[in-house]
Amino acid sequence: MSNRYEDVFGPLRKNGGRAFIPYMMLGYPDRKLCLQAIQMMIDAGAHALELGLAFSDPLADGPAIQAAAAATIESGFKTKDALELIADIRNANPSIPITLMCYYNSVLAHGLSQFCSRANGAGVDGLLVVDLPPQEAKPLAEQCKRSGLEQIFIISPLTTEVRMKSISEYAGGFLYVVSRLGITGEEERYDSGLADLISKAKQSMSLPTVVGFGVSSPEQAERMFAIGADGVITGSKIINLMNEVKNGKATLNDLKAFVQSMLSAGLAKLV
Amino acid sequence: MLKTGYYGEFGGVYAPETLMPALEELEAGFLKFKSDLALRSELNETLQKYAGRPTPIYLAENLSRNWGARIILKREDLLHGGAHKTNNAIGQGLLAKSLGKTRLIAETGAGQHGVATAMIGALLGMQTEIYMGEVDIERQHANVLRMKLLGATVHAVKTGGRTLKDAINAAMRDWIATVKETHYLIGTAAGPHPFPEIVKYFQSVIGSESREQMLEDYNTLPDYVIACVGGGSNAIGMFSGFIDDQSVRLIGVEPAGKGVNTNEHGAVLAKGTNGCLHGMMSKVLQDEDGQIHETYSIAAGLDYPSVGPEHAFLQSSARADYTSISDDEAIDAYHEVSRSEGIIPALESSHALAYAKKLAGQQGGKTILVNVSGRGDKDLEQVMNYVK
């Protein structure tokens, strides 16, 4: 099977285009609305998806994603349901890269081998396990390889070149660059060394660099592209928009308009 | 990282990338600290002159007579601050200073670790912020006032079950954003490597002192050593002194809350399964999807859904045994020890004492060393309002 990440990032990079990757919590605010929103973002032109699996103790996440995770668990939505939801998305969208973002305990609970083969069966391309650094990544890496999954890694403004090297041993798909020290959220507070970090990452790995945390407007996306990012991820802003949709203060069309605005920010459409 | 931080299959470093450089820096700083004579003598001096070490061991004659075994109490309740937490707070405070950090953060359950951190923050002139679950703020109000008096800021944590687990999440989130200038002074022998090893190192004074005192005062080692286990810092500190003495049985006591067969307990080693929480592989109370359960205990300091990785290892290797004590039994011990000995033990420590009573009933005539990890003034209101 071809690698969907390369299929998307390859042509984009060749044409000087940039990727926009929306984040969504699987099953939030409910299955139906979640599926509708994701399909709408794909139809609007999102290049890839980052889909979060709700965990009870998401210690790298800010208030918006924490609350969404708690509500999703409370609603009885399980890992099995999340994978079925992904399968529905995959059936309708054969080519979009899908990254499943989760915490390690969610993987362990089902067994590494079973989790990986089920994720792959549902149509997942890559796993981003937030609390799994490279020194602990080997057991999962073996199972990912067997199931044909990429392992996506995060680098932060504090990641040293030595650490980048150990990350590069396992990293596939793309590199998730966090824009600042801290947790997910809309707050803009980029690290002053971000440009330097992106250029070091590019020297150390051939993977596309995608910046997340606090990138929630076209202007912010432009700034990331100007310093060399190949793409951006927006999460908390989308969750907050979904909260407004749920409360009747916004509609899915507002979400579509947001995705389009992010794509128009100097982002080339997928050829 | 120089070491992997594993105890058998438990431990390790399961932390977001943002924290990894800080954990590497901490490990290096800790190794340097251990071999730095000046820092170590500053630590010892502070423990002695500021915190009041050594704490005595005390033969509780009334309890011994009533319970039918020789009951000896390690008096960590007499330590400055009122609990063993001060050992670790002083150690990590000095370590943080040696790393050039200017700000301390900590989680707290019962509030004892928060108080200890606030004391050390005041002593070392470091900005101190404490994360505490809203439920615990209510049930341990006196300690909240003490922290504030000592100059610390107390943040109420309103997520999840609003207890210790959630306070750790909040402290971790703070640390992820502030690692450059902040040290996370974790209070228990849990979390990602090198924390379990660091906390054990600073708490091992309890065990090494106790062993020496036993030999000096009674010319024998105890048959049993008992300590309560939440995250497990007082227990690991106590056990470490006797771990090589195969004749000494080590027993950790977990909170059974309203019963280990109800949903309201914190008996992780009895009921938990292997999992990953707060940066470590250990035993965890969780559902089949890996979602962490809310726990319950009358003792806020034991109300935690995982346990330090070395305890999981000591259980699996059968070097230590773990048992549990209910709220009712702990409350009874709180009253009984207060009346028999004039010592008010913390509700956490009351779990260890309650088990000592049970064990004495089965094993009459043996020598049982119990760690009274803290004093129980903080629990007065809760105990007085307790209805069986």
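Chain A is the first sequence line, chain B the second, and so forth, proteins listed ahead of strands; every chain is numbered from 1.
- Between the CE atom of B:M172 and the CD1 atom of A:I183 there is a distance of 13.0 Å, given to the nearest 0.5 Å.
- Ranked by heavy-atom pairs shorter than 4.5 Å toward chain A, the options B:L19, B:V284, B:V13 are led by B:V13.
- Looking at A:L53, neither its backbone nor its side chain comes within 4.5 Å of chain B, counting heavy atoms on both sides.
- Applying the side chain to side chain contact (heavy atoms under 4.5 Å, CB included) test to A:A69 and every residue at least two apart in sequence or in another chain returns A:M25, A:A54.
- In this structure, chain B has heavy atoms under 4.5 Å from both the backbone and the side chain of A:A60.
- Residue B:I168 does not touch chain A at all, counting heavy-atom pairs closer than 4.5 Å.
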Got a list of the donor-acceptor pairs under 3.5 angstrom between chain B and chain A?
unit_1: B:Y6; atom_1: OH; unit_2: A:E136; atom_2: OE1; d: 2.6
unit_1: B:Y6; atom_1: OH; unit_2: A:E136; atom_2: OE2; d: 3.4
unit_1: B:V13; atom_1: N; unit_2: A:E136; atom_2: OE2; d: 2.7
unit_1: B:Y14; atom_1: OH; unit_2: A:E136; atom_2: OE1; d: 3.1
unit_1: B:E17; atom_1: OE1; unit_2: A:R163; atom_2: NH2; d: 2.9
unit_1: B:E17; atom_1: OE2; unit_2: A:T159; atom_2: OG1; d: 3.1
unit_1: B:E17; atom_1: OE2; unit_2: A:R163; atom_2: NE; d: 2.8
unit_1: B:E24; atom_1: OE2; unit_2: A:R163; atom_2: NH1; d: 2.9
unit_1: B:K165; atom_1: NZ; unit_2: A:D57; atom_2: OD1; d: 3.1
unit_1: B:K165; atom_1: NZ; unit_2: A:D57; atom_2: OD2; d: 2.9
unit_1: B:N169; atom_1: ND2; unit_2: A:D57; atom_2: OD2; d: 2.8
unit_1: B:R173; atom_1: NE; unit_2: A:P58; atom_2: O; d: 3.4
unit_1: B:R173; atom_1: NE; unit_2: A:D61; atom_2: O; d: 2.9
unit_1: B:R173; atom_1: NH1; unit_2: A:Q66; atom_2: OE1; d: 3.3
unit_1: B:R173; atom_1: NH2; unit_2: A:P58; atom_2: O; d: 2.8
unit_1: B:I176; atom_1: O; unit_2: A:G182; atom_2: N; d: 3.3
unit_1: B:C276; atom_1: N; unit_2: A:N105; atom_2: OD1; d: 2.8
unit_1: B:Q286; atom_1: OE1; unit_2: A:N105; atom_2: ND2; d: 2.8
unit_1: B:D289; atom_1: OD1; unit_2: A:T79; atom_2: OG1; d: 3.1
unit_1: B:D289; atom_1: OD1; unit_2: A:H110; atom_2: NE2; d: 2.6
unit_1: B:D289; atom_1: OD2; unit_2: A:T79; atom_2: N; d: 2.8
unit_1: B:D289; atom_1: OD2; unit_2: A:T79; atom_2: OG1; d: 3.4
unit_1: B:G290; atom_1: O; unit_2: A:N105; atom_2: ND2; d: 2.8
unit_1: B:Q291; atom_1: OE1; unit_2: A:S56; atom_2: N; d: 2.8
unit_1: B:Q291; atom_1: NE2; unit_2: A:A54; atom_2: O; d: 3.0
unit_1: B:I292; atom_1: N; unit_2: A:S56; atom_2: OG; d: 2.8

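- Only the side chain of A:I73 comes within contact range of chain B, with at least one heavy atom under 4.5 Å from a heavy atom of that chain.
- For A:L108, the part lying under 4.5 angstrom from a heavy atom of chain B is the side chain only.
- For B:K32, the NZ atom sits in a loose shell: 12 or fewer heavy atoms of surrounding residues, nucleotides or ligands are nearer than 6.0 Å.
- Under the rule for a side chain to side chain contact (heavy atoms under 4.5 Å, CB included), the partners of A:A48 that lie at least two apart in sequence or sit in another chain are A:I21, A:P97.
- Residues passing the side-chain hydrogen bond (donor to acceptor under 3.5 Å, both in side chains) test with B:Y322, sequence neighbours excluded: B:H311.
- B:P16 places none of its side-chain heavy atoms less than 4.5 Å from the side chain of A:I154.
- Interface check for chain B: of the options A:P63, A:P134, A:A137, A:P58, the most heavy-atom pairs under 4.5 Å are formed by A:P58.
- Contact of the A:L181 side chain with the B:I176 side chain is not registered, since no non-hydrogen atoms from C-beta on lie closer than 4.5 Å.
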